[in-house]
Amino acid sequence: MTTYWLTNVRLEKGFIKENERISGTETEICHLKIEDEKIAEITNIFPNIEETQVDACNQLLLPSLRDMHIHIDKTYYGGPWKACTPLTKGIFTRLEEEKELLPKLLPTAQERAEKMIELYLKNGHTHIRTHCNVDPVIGLKNLEATVNALKKYEDVLTYEIVAFPQHGLLKSDSVQLIRDAMKNGATLVGGVDPATVDRNIEKSLYTIFDIAVENNKGVDLHLHDPNTLGAFTFERMAQYTKEAGLKGRATISHANALGDLHGEELSDIITILKDQEIDITTTVPVNRPTIPIPTLDKFGIQVSVGHDSITDHWSPFGTGNTIQKLGILAERFRLSDEYSLSKTLKFGTGGVTPLNEKGERVWPKIGDEATMMLVNATCSAETVARRASVESLYFKGKKVERKLEESNPVQV
């Protein structure tokens, strides 16, 4: 059991108000005793003890980050620059490319996945939900590489793996492969656009939820379809979630249709999703109407951010920097005041913020797991607005160090 003191830590204490309006965030310098992976003591008095002390140098302590939608199994990251080819047939252009590309990427898939994990650790993440291609082109080989990569980092992060039939569960006849994936390391059942890819909403959703129930796992579906088609798919997914008894265990990734709906149509869908506690993951897209994140949050829908890809054949963009992503979210919805900026942090931390709505400190508390990050900022609001840098990361009390040395680019 390792015990030490993390000294000179900046913690948020409460909101500063002027004329009944929040104008700033009050902080204080504290010292935290870390013992048996948890925060055992928080004090303002400098500890006069013999135990090891680590000086935080007045940096701000925040909850560590979670990327809830990434594909670490197929990426150009770690290799030479390569932009995307032009789209000629929409999503199907990329699916055709993968028939040749995935086998070419396979020999270095694990190494590139590890480089992406290192990037996430550098940027303050201790949890990753990655989608992993499972299809007739690559079988379970990408899954094997992904599992092997993540297992090497189990001492510094937690993770989930979505068995993802990128080429269509029904369209590519991947049903048995997904079933096999659930017995070989996958922790969630995935799917993609039952309407436009599988061309059969009911059969696709029925099969996805059947596999989930069979393995007692949750689901995470890529749903890009816009407008009323997307909304109808949400309704059917909610119904299948209810019938399968998976309330609180279903995620819609992207949920593009929510950006197209307004008024009563939007509120009706929100009610349906909330009833089954279906959560949403978004990349905060700027190339189409962004889903109404503040509205979803107001009505109790859990929203998380993810990067989706980091320089691959789908997109040359993506940084793995969730603080930067939160800044984009705040700009997109004009969240520029102290309170709104500080609450934006929760979309990258699984809902955890240092202060609650009343300005009371709710994190960290004695007994909390010491999984956290130190950032170069004075408060959460500044962290988001100014895209603060992550100075160090801790997982269950252990400071996270790099596992990979800098090396030559991985050839793709």
Side-chain angles (χ1 to χ4, degrees), residues 1-14 25 27-68 117-129 150-160 304 320-323 326 342 345-356 360-380 382-384 388-403:
M1 180 176 69
T2 302
T3 300
Y4 67 95
W5 282 86
L6 187 62
T7 61
N8 300 314
V9 175
R10 185 177 300 279
L11 296 181
E12 295 188 359
K13 186 177 181 180
T25 302
T27 63
E28 60 181 344
I29 301 302
C30 295
H31 317 287
L32 279 61
K33 184 178 182 180
I34 310 300
E35 186 175 45
D36 194 23
E37 303 181 353
K38 298 183 182 297
I39 298 172
E41 189 174 341
I42 302 174
T43 179
N44 299 104
I45 303 172
F46 196 88
N48 184 20
I49 39 80
E50 298 296 327
E51 292 159 326
T52 302
Q53 296 181 15
V54 178
D55 191 352
C57 301
N58 295 350
Q59 292 169 346
L60 179 69
L61 191 72
L62 291 176
S64 59
L65 300 169
R66 301 160 61 88
D67 187 298
M68 296 303 288
I117 294 168
E118 290 276 346
L119 176 67
Y120 274 111
L121 293 172
K122 176 183 177 182
N123 286 329
H125 299 78
T126 56
H127 184 83
I128 297 172
R129 177 182 287 190
L150 286 165
K151 280 186 176 297
K152 292 180 66 173
Y153 291 86
E154 286 182 333
D155 61 329
V156 291
L157 57 75
T158 54
Y159 58 85
E160 300 164 279
S304 300
N321 187 329
T322 291
I323 292 178
L326 295 175
S342 67
L345 183 70
K346 69 180 178 180
F347 299 119
T349 64
V352 183
T353 55
L355 303 178
N356 64 15
E360 302 164 335
R361 183 190 295 159
V362 292
W363 184 95
K365 302 188 302 293
I366 293 173
D368 283 349
E369 183 179 277
T371 297
M372 53 206 182
M373 62 181 179
L374 288 168
V375 301
N376 186 23
T378 60
C379 61
S380 297
E382 183 185 7
T383 299
V384 172
S389 60
V390 175
E391 300 301 315
S392 54
L393 178 66
Y394 293 82
F395 180 75
K396 296 182 178 180
K398 172 185 175 182
K399 186 175 182 180
V400 176
E401 307 288 353
R402 291 181 65 87
K403 291 178 180 283

Query raised in the report: Under a 4.5 Å cut-off applied to non-hydrogen side-chain atoms, are Tyr159 and Lys151 in contact?
Result: yes
Report task. Kindly say whether Leu61 contributes a backbone atom to a donor-acceptor pair with the side chain of Arg10 at under 3.5 angstrom? Result -> no
Report summary line: Contacts of Lys38 meeting salt bridge (charged side-chain N to carboxylate O under 4.0 Å, His left out) (sequence neighbours excluded), chain-then-number -> none
Query raised in the report: Do Trp363 and Pro63 have side-chain heavy atoms sitting under 4.5 Å apart?
Result: yes
Query raised in the report: What residues form a ring pair (Phe, Tyr, Trp, His ring centres under 6.0 Å) with His127, not counting sequence neighbours?
Result: none
Report task. With sequence neighbours left out, write down each residue that passes salt bridge (charged side-chain N to carboxylate O under 4.0 Å, His left out) with Arg129, or none if nothing qualifies. Result -> Glu160, Asp220
Report task. For the residue pair Met373 and Ser392, establish whether any side-chain heavy-atom pair is separated by less than 4.5 Å. Result -> no
Requested in this report: Have a look at Ser64 and tell me which of Val390, Thr126, Thr322 forms a side-chain contact (heavy atoms from CB on, under 4.5 Å) with it.
Outcome: Thr126
Requested in this report: State plainly whether the residues Glu360 and Lys13 are in salt-bridge range, i.e. N to O under 4.0 Å.
Outcome: no
**Report entry** Check: Thr353 side chain, Leu355 main-chain N or O, donor-acceptor pair, under 3.5 Å
**Finding:** yes
Query raised in the report: Within a strict 4.5 Å, meaning less than it, do heavy atoms of the Leu345 and Leu326 side chains meet?
Result: yes
Requested in this report: With sequence neighbours left out, write down each residue that passes side-chain contact (heavy atoms from CB on, under 4.5 Å) with Gln53, or none if nothing qualifies.
Outcome: Trp5, Thr7, Phe46, Pro47, Ile49
Query raised in the report: Is any side-chain heavy atom of Pro354 closer than 4.5 Å to a side-chain heavy atom of Ser380?
Result: yes
**Report entry** Side chains of Glu35 and Tyr4, donor plus acceptor under 3.5 Å
**Finding:** no
Query raised in the report: Counting only N and O atoms by type, is there a donor-acceptor contact under 3.5 Å from the side chain of Asn123 to the main-chain atoms of Gly320?
Result: yes
Query - Student check: side-chain heavy atoms of Val9 and Ile29 closer than 4.5 Å - result: no
Query raised in the report: Can a donor-acceptor pair be found between the side chains of Gln59 and Asn376 at a distance below 3.5 Å?
Result: no
Requested in this report: Report yes if the side chains of Met372 and Leu62 come closer than 4.5 Å at any heavy-atom pair, otherwise no.
Outcome: no
Query - With Asp155 via side-chain contact (heavy atoms from CB on, under 4.5 Å) - residues at least two apart - result: Lys398, Lys403
Report task. Check Leu11, Thr383, Thr378 against Leu60 for a side-chain contact (heavy atoms from CB on, under 4.5 Å) and give me the one that passes. Result -> Thr383
**Report entry** Minimum side-chain heavy-atom gap Leu157-Ile117 below 4.5 Å
**Finding:** yes
Query raised in the report: When you look at Thr158 and Tyr153, which way does the side-chain contact (heavy atoms from CB on, under 4.5 Å) test go after all the steps?
Result: CA-CA 8 Å; Thr158 54; Tyr153 291 86; over 6 Å; no
Report task. Drop me the distance from Leu32's CG to Asp368's CG, to the nearest 0.5 angstrom. Result -> 10.0 Å
Query raised in the report: Excluding sequence neighbours, so at least two apart, what forms side-chain contact (heavy atoms from CB on, under 4.5 Å) with Val400?
Result: Leu121, Val156, Leu393, Phe395
Requested in this report: Consider only side-chain N and O atoms of Thr371 and Glu369, and report whether a donor and an acceptor are under 3.5 Å apart.
Outcome: yes
